[in-house]
2 protein chains.
Amino acid sequence: MQDALRQFKANIFQALAHPTRIAIVEALRDGELPAGVIIERLGVEQANASQHLAVLKAKQIVAHRKEGNQVFYSVRDPLLIEVLDILRRYFQAHLTESMAMLTEMKQSESVVNGGKNE
Amino acid sequence: MQDALRQFKANIFQALAHPTRIAIVEALRDGELPAGVIIERLGVEQANASQHLAVLKAKQIVAHRKEGNQVFYSVRDPLLIEVLDILRRYFQAHLTESMAMLTEMKQSESVVNGGKNE
DNA sequence: TTCGTATATTCGATAAATCGAATATACGAA
DNA sequence: TTCGTATATTCGATTTATCGAATATACGAA
């Protein structure tokens, strides 16, 4: 059972282990939104967003509801928003190291995206 | 900057997105432990544990300190323990769905491990 | 039914994670 | 120095994640 709980936690973490999916959850912080709006806000490919939404759906992070032509998404539990907020504090608390870590991460891709920070 | 923060969060999540690494962090909940004890408690391969520890180290989740022959690990910030606790509450709150999700996950590997739940 | 819009799924290629086995390193004791 | 213990790293194989392009589905309006 302890095992199951850890497996469950790992699943949640994995569901959130992508910047785009985090952006989606954050976009839904103040309530539900149709997929189209999410896509527009994030500025990603439609298919890509849909794939990420599918991941969040499969891991039960978001709920969805159809209304006519569109699909509205919402975060299933505000507890997850709370987790994101805790990590924001974590980020700030360790700001110096965080930045170091990020720049180090960026270096490996800086050649790829030309260093732009949209 | 909003981007950097999300990238940072995704990194933390990814670092924790594995049952073994969660088990490691939980083992360190009450203070530092030498690698050997961690390995013993988790019952995993030495090399495997060391690899997971390396991930946690790279993502700044744990700190390490050498003392003679052994290396002591500790969680860098109790905030992360808090996150794990929130997820435990999340698990309990959605117990029914959680179990459904887990059994569904188990099914795909039940043939492999013979259904045993150590 | 046909069309247009909103969203989802499939496909194939590439990158990243994971594992055990083997090997390497660090360090204290003899 | 040599040995034994504790821990880390490398290697090669396998699985999983990620992406854009293309295609499919759902549904309201005409």
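By convention in this document, chain letters (A, B, ...) are assigned in the order of the sequence lines, proteins followed by strands, and residues within each chain are numbered from 1.
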If I take atom NZ in residue B/Lys59 and atom P in nucleotide C/dA16, what distance separates them, rounded to the nearest angstrom? 12 Å
Taking salt bridge (Lys or Arg N to Asp or Glu O under 4.0 Å) as the definition, give me every residue that meets it alongside A/Asp77, ordered by chain and number, with sequence neighbours left out. none
So which nucleotide does C/dA30 pair with, by the Watson-Crick or G-U wobble rule with both distances under 3.5 Å? D/dT1
CD of A/Glu45 versus P of D/dA22: gap in Å, rounded? 11 Å
Side chain of A/Arg21, backbone of A/Gln14: donor and acceptor closer than 3.5 Å? yes
Can a side chain N or O of A/His52 be found less than 4.0 Å away from OP1 or OP2 on D/dC19? yes
Residues A/Lys9, B/Glu26: salt bridge by 4.0 Å N-O rule: yes
Contact residues, residues 14-23 of chain A to DNA chain D [heavy atom, < 4.0 Å]: A/Gln14, A/His18, A/Arg21
Using purine N1 to pyrimidine N3 plus N6-O4 or O6-N4 for Watson-Crick, or N1-O2 and O6-N3 for G-U wobble, each under 3.5 Å, what pairs with D/dA13? C/dT18
Which whole-number value in Å describes the distance from A/Asn11 CG to C/dA17 C1'? 15 Å
Distance check, rounded to the nearest 0.5 Å: B/Arg88 atom CZ versus A/Leu5 atom CG? 7.5 Å
Which pair of heavy atoms, one from B/Ile39 and one from B/Ala49, lies closest together, and at what distance? CG1-CB, 3.5 Å
Under 4.0 Å protein heavy-atom contact, by nucleotide of nucleotides 2-9 of chain D - B base, S sugar-phosphate only: ---BSBBB
For A/Arg65 and A/Val71, indicate whether the former's side chain and the latter's backbone hold a donor-acceptor pair under 3.5 Å. no
Applying a 3.5 Å limit to both distances, which nucleotide forms a Watson-Crick or G-U wobble pair with C/dT23? D/dA8
For the pair A/His64 and A/Tyr73, name the ring-plane relationship: parallel under 30°, tilted 30 to 60°, perpendicular over 60°. parallel
Spacing of B/Phe8 atom CZ and A/His94 atom NE2 [to the nearest 0.5 Å]: 7.5 Å
